[in-house]
Amino acid sequence: MRNNDVTIGEITGTVWEPDSEPAAVLVVHPATATPAGFYRAFAEFLVENRIAVVTYDYRGTGRSGAPREHPHLGMRDWIEHDVPAVTAWARERFPGLPQLAVGHSIGGHALALGHGGPELTAFALVASHVAAIRAIPGRVERMRVRLVLNLLGPALGAVFGYVPARRLGLGEDIPVAAVRQWGGWGRLPDYLFDDPAMRAAERAAAVTQPVLVIGVSDDPWATPGQVDALAARLTGARVERRAWTPADAGVPHVGHHGFMRRTVRDTLWPDLLTWFQKRMADVA
């Protein structure tokens, strides 16, 4: 196994490769405020199974530039620019191989809207949902998210020139425009599907690839109902659904990020790997 840092325009990523010829390439499109390094164990697992992997940070986050230097970058920029750019790079770097992707949270929103491109063989959505704040079931968590996204985040962004998301318990620091757009979409009943500029319903309906939709029962944001609401938008795709519990995973808690943690390597990741391998066989 070997890995090398790569530069894709303003985006910094890492390509992970098996020692032998890879059977496919997979891009991990990250969750908001989640650094590429978080996906290292997942990438290593796939590489051990002859799948090359590309991980990266969205512009204005992690190694792809300080958020203070990219105050005008919004979530739409990540969805419509960064995801297609890394997808195209992976396709050029590994021509002729099945092209796979995993979209975690907002990364999954981008894939569900077709921004992974028509060349994708198959993709999986992990903890991706119609992220309307009012649909968060826990009252305390709902109020916390509303406070952070609609008041504290924008206010701190105005003061510092970026949002110190780490101090707010939201992960890595991110550009202020991203938080404003996140909060704005979160106030809408159907999240970004209610933003006409995104053409989200039209784009989701045009997706035709096989899609695996993964959610967990104890995710405080991506509840089973909201995960299903996103999956329902993929009317032209061949969708399979997985709804896991902590008991299935063999851990006390999974939550919004837990599917991508090493602790579920032996319980949940093999099912995802098998699903991808079947899709790879379909196009062999």
Side-chain angles (χ1 to χ4, degrees), residues 29-34 58 60-61 67 71-84 103-116 125-158 162-163 165 168-171 174-207 211 213-215 219-237 239 255-257:
H29 301 288
T32 301
T34 305
Y58 295 124
T61 70
H72 302 299
L73 280 176
M75 286 183 155
R76 182 177 180 182
D77 297 296
W78 298 340
I79 289 172
E80 296 185 350
H81 176 276
D82 295 21
V83 168
H104 184 197
S105 197
I106 191 176
H109 296 148
L111 296 178
L113 269 56
H115 291 291
L125 309 181
V126 174
S128 294
H129 62 306
V130 176
I133 295 174
R134 71 178 189 178
I136 297 174
R139 181 176 179 274
V140 173
E141 181 66 10
R142 185 169 63 251
M143 295 301 295
R144 185 184 78 87
V145 171
R146 184 172 286 130
L147 176 66
V148 169
L149 295 186
N150 296 328
L151 182 61
L152 288 180
L156 291 173
Y162 71 98
V163 176
L168 298 175
L170 290 178
I174 52 180
V176 62
V179 169
R180 287 174 180 154
Q181 189 155 58
W182 188 2
W185 284 344
R187 291 192 295 272
L188 301 174
D190 286 315
Y191 197 55
L192 54 74
F193 287 96
D194 283 336
D195 180 350
M198 296 300 293
R199 297 171 44 224
E202 172 190 348
R203 296 196 64 94
V207 171
V211 182
V213 176
I214 298 171
D219 190 326
W221 300 343
T223 64
Q226 293 304 94
V227 170
D228 288 340
L230 179 61
R233 296 284 187 166
L234 298 166
T235 55
V239 177
H256 196 62
H257 280 73

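Numbers here are sequence positions counted from 1. What you are looking at is a predicted structure, and each value in this text was computed from that prediction instead of being measured.
- Contact between Gly183 and Leu149 at its shortest, heavy atoms only, is CA-CB, 3.9 Å.
- To the nearest 0.5 angstrom, Ile106 atom CD1 is 9.5 Å from Asp82 atom CG.
- With hydrogens and angles disregarded, no donor-acceptor distance shorter than 3.5 Å links the side chain of Tyr58 to the backbone of Thr32.
- For the atom pair CG (Leu152) and CZ (Arg146), the distance works out to 13.5 Å, reported to the nearest 0.5 Å.
- Looking at Ile79 and Gln181, their side chains never come closer than 4.5 Å, going by heavy atoms from C-beta outward.
- Take Arg142 and apply the salt bridge (Lys or Arg N to Asp or Glu O under 4.0 Å) test, not counting sequence neighbours, and it matches no residue.
- Taking 4.5 Å as the limit, every side-chain heavy atom of Met198 sits out of range of all side-chain heavy atoms of Phe193.
- In this structure, Ile214 and Ser128 have side chains that are not in contact, with every pair of non-hydrogen atoms separated by 4.5 Å or more.
- Contact annotation: the side chain of Leu125 approaches that of Leu111 to within less than 4.5 Å [non-hydrogen atoms, C-beta and beyond].
- Side-chain contact check for Gln226 and Trp221: no donor-acceptor pair (N or O, by modelled atom type) lies under 3.5 Å.
- The salt bridge (Lys or Arg N to Asp or Glu O under 4.0 Å) check on Asp228 picks up Arg241, with sequence neighbours excluded.
- Taking Tyr191 as the reference, His109, Trp185 meet the ring pair (Phe, Tyr, Trp, His ring centres under 6.0 Å) condition, with sequence neighbours excluded.
- Minimum heavy-atom separation, Asp219 to Ala127: OD2-CB, 3.6 Å.
- Every residue meeting the ring pair (Phe, Tyr, Trp, His ring centres under 6.0 Å) condition with His104, not counting sequence neighbours, appears here in chain and number order: Tyr39, His256, His257.
- When all heavy atoms of Pro220 and Glu141 are compared, the pair lying nearest together is CB-CG, 4.4 Å.
- With rounding to the nearest 0.5 angstrom, the CH2 atom of Trp78 is 6.0 Å from the OG1 atom of Thr61.
- Not counting sequence neighbours, Arg187 has no partner by the salt bridge (Lys or Arg N to Asp or Glu O under 4.0 Å) test.
- Put simply, CG on Asp195 and CG on Asp190 are 12.0 Å apart, with the number rounded to the nearest 0.5 Å.
- Considering only heavy atoms from C-beta on, Val179 comes within 4.5 Å of Pro154 through its side chain.
- Using a 4.5 Å cut-off on side-chain heavy atoms (C-beta onward), Pro67 and Val163 make no contact.
- The heavy-atom pair separating Val207 from Ala112 by the smallest distance is CG2-O, 3.5 Å.
- Minimum interatomic distance between Pro175 and Leu73 (heavy atoms only, all atoms of both residues): CB-O, 3.6 Å.
- Remark: Arg76 engages Glu80 in a salt bridge (Lys or Arg N to Asp or Glu O under 4.0 Å) (not counting sequence neighbours).
- The CD1 atom of Ile133 lies 5.0 Å from the CG atom of Asn150; values are rounded to the nearest 0.5 Å.
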